[in-house]
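Take a look at the structure below.
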Amino acid sequence: MMRSGPWRRAAAGAGLLTADGVPGTTIFAEMSALAAATGAINLGQGFPDTDGPIEVLRVAQEAIGAGLNQYPPGRGSAVLREAIGRHQQRWYGLEVDPDTEVLVTAGATEALAAVLLAFVDDGDEVLTLEPAYDAYGAIIALAGGVHRTVPVDWPDLRPDADRLRDAITDRTRVILLNTPHNPTGAVLDETLMRVVVEAAERHDALIVTDEVYEHLLFDGARHVPVATLPGAWDRTISISSGGKTFSTTGWKIGWLTGPAELVSAALAVKQFLTFVNGAPFQPAIAAGLDLPDPVFARIAAELQAGRDILIAGLEAAGLPVSTPAAGYFAIADGAALGFPDGADLCRQLPSLAGVVAVPVSAFCRGDQAARMRSLIRFAFCKSPSVLHEASERLAALRPR
Ligand code: GLN
C-alpha cells in the first residue's frame, strides 16, 4: 500500500526519500526531536522561544471568548484582508483590493502549495534559488513540476545575474523567489529582481515571491517586494505570514496578494486544501499588521541583538560565520574546525556542545549540496540568555 503514490514525489522533491523507500521526516522535525531527546539547546528549527506583542495575543484570546470559533469566510475574515491591504499600502505603496486581491491561507506554506498546484502543469519548470526552503522542492514535485535552481554561494550569497537570466526560458512557468532568504539571511537586491521581472515578461512566466521575513531586517537593510517593480504586478503573487513577524509560528496565518485573476486561481485550489483556518487568530494578526512602525522596528532590533550574540559566540568558537541582513538564521562553516560534513556535525553537536543546528545541505541537492557540505545553520530567534548559554557551550568546539 505504501509503495506508490504522489507521497513519493513529495518526499523525493525535498530529498527525503530513503533508500528503503520510506519517507523521511524533515530536517527540522529530525533535529527538534534530537534536541528534545538530548536536552540540547535547539537552534535548529526556526521558532522563537518567547511570545510576540501582547496586543496581538490578547486579540486572539478575546476572539475565542467572544465566540469567533467557527469557519471564517473562504478568502479570510474581512478584518484581516483589510489589514493586509493597509499593510501593503503603508510599507510598500501597493494598492490591493481586500475583496479580490488578497487570500488568507494556513501559513505561507499553504499559500505556496495553492499557488504551485494552481499554476504548474506536468513538466512545467519552476525556478528557485538554491539553497531553498525544503517545502519548495516537495510542492513543486507534488504539482508535477520540474525543479530548476540557480546557486547562491557562501559567503557572498548573491546569485549570478547571467545565470539567473539564462535559467529562465519558455519552459519556465514559475520563478519562485524568497527574499529575505532562508537559510542564508540574504536580501535579494533590486538589480537581480529586475533581471527576473524582465526575463519573466520575455518568457511569460509567473513570479511567486515568499516574503515571510519581510520585517526582520537588520543594519538598515530594506525589503523591496518584487511586486513593486515596473512590469511585475500583473504576473506576481506575493506571499507572507504572521508567524515570523509576530512570533506566532504555531498559528499558521499566512496570505497571498496579487492580481484578482491569479488570486482566484489560487483560491480554487486552496478551498480544497484546508478550506479555511484559524478564525480567532485572523483578527489578532490583523491587529499586529496595524501596529505602529516603532513596534516593527523593536521586533527587528531585538532579533538583531540576538543575531549579534550568536555571531560573537560562533566566532569565539572559531567558526567562520556570515552576517545575515535579515531573518532568523546565520550560517557557519564547520570545515574550519575539522568537520567537513555539516550533517555529521549536526548529529554530533548535541554531544559535542549541547546545541542543535541544521545542515545547509538539507536545503540543496546534487552539486550545490556538495559545495555547501560543511555549512550549518543556526537560529537566533531565541532569548538573549539562551543565546549566551549556547555561545558558551559552542566554545567547547574550539581546538585546545
Ligand atoms: N521555517 C522553519 C525553519 O526554516 C521551520 C518550519 C518547519 O519546521 N517546517 O527552520
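When a ligand or atom number is given, it counts from 1 through the structure's own listing order.
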I'd like to know if the side chain of [X] pairs up with that of [Y] as donor and acceptor (distance under 3.5 Å, no hydrogens or angles considered).
X: T179; Y: H223; value: no
X: E211; Y: Y92; value: no
X: Q89; Y: R86; value: no
X: D153; Y: Q368; value: yes

Nearest-contact summary for atom 7 (C) of ligand 1 - protein heavy atom, Å: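 Result for atom 7 (C) of ligand 1: F28 CD1, 3.6 Å.
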Nearest neighbour in protein (non-hydrogen) for atom 8 (O) of ligand 1: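 Ranked first by proximity to atom 8 (O) of ligand 1 is Q45 NE2, 2.6 Å.
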Quick one: does [X] get an N or O within less than 3.5 Å of an N or O on ligand 1?
X: D134; value: no
X: Y133; value: yes
X: F329; value: no

Ligand-side contact atoms (ligand 1) for residue partner K244, heavy atom cut-off under 4.0 Å: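 This gives 1 (N) as the contact atoms.
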For G46, the ligand 1 atoms whose distance to one of its heavy atoms is below 4.0 Å: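 Heavy-atom distances to G46 below 4.0 Å select 2 (C), 3 (C), 10 (O).
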Minimum side-chain heavy-atom gap Y136-V126 below 4.5 Å: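 Y136 vs V126: side chains apart.
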Verdict with supporting geometry, W255 and L289, side-chain contact (heavy atoms from CB on, under 4.5 Å): CA-CA 12 Å; W255 55 88; L289 291 175; 4.0 Å; yes
Under-4.0 Å heavy-atom contact with ligand 1, by part of M31 that carries it: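 Neither; no heavy atom under 4.0 Å.
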Under-4.0 Å heavy-atom contact with ligand 1, by part of N182 that carries it: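 Side chain only.
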Sub-4.0 Å heavy-atom approach of T26 to ligand 1: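 No.
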Check: F246 ring centre within less than 6.0 Å of W251 ring centre: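 Ring-ring flag for F246/W251: false, centres at least 6.0 Å apart.
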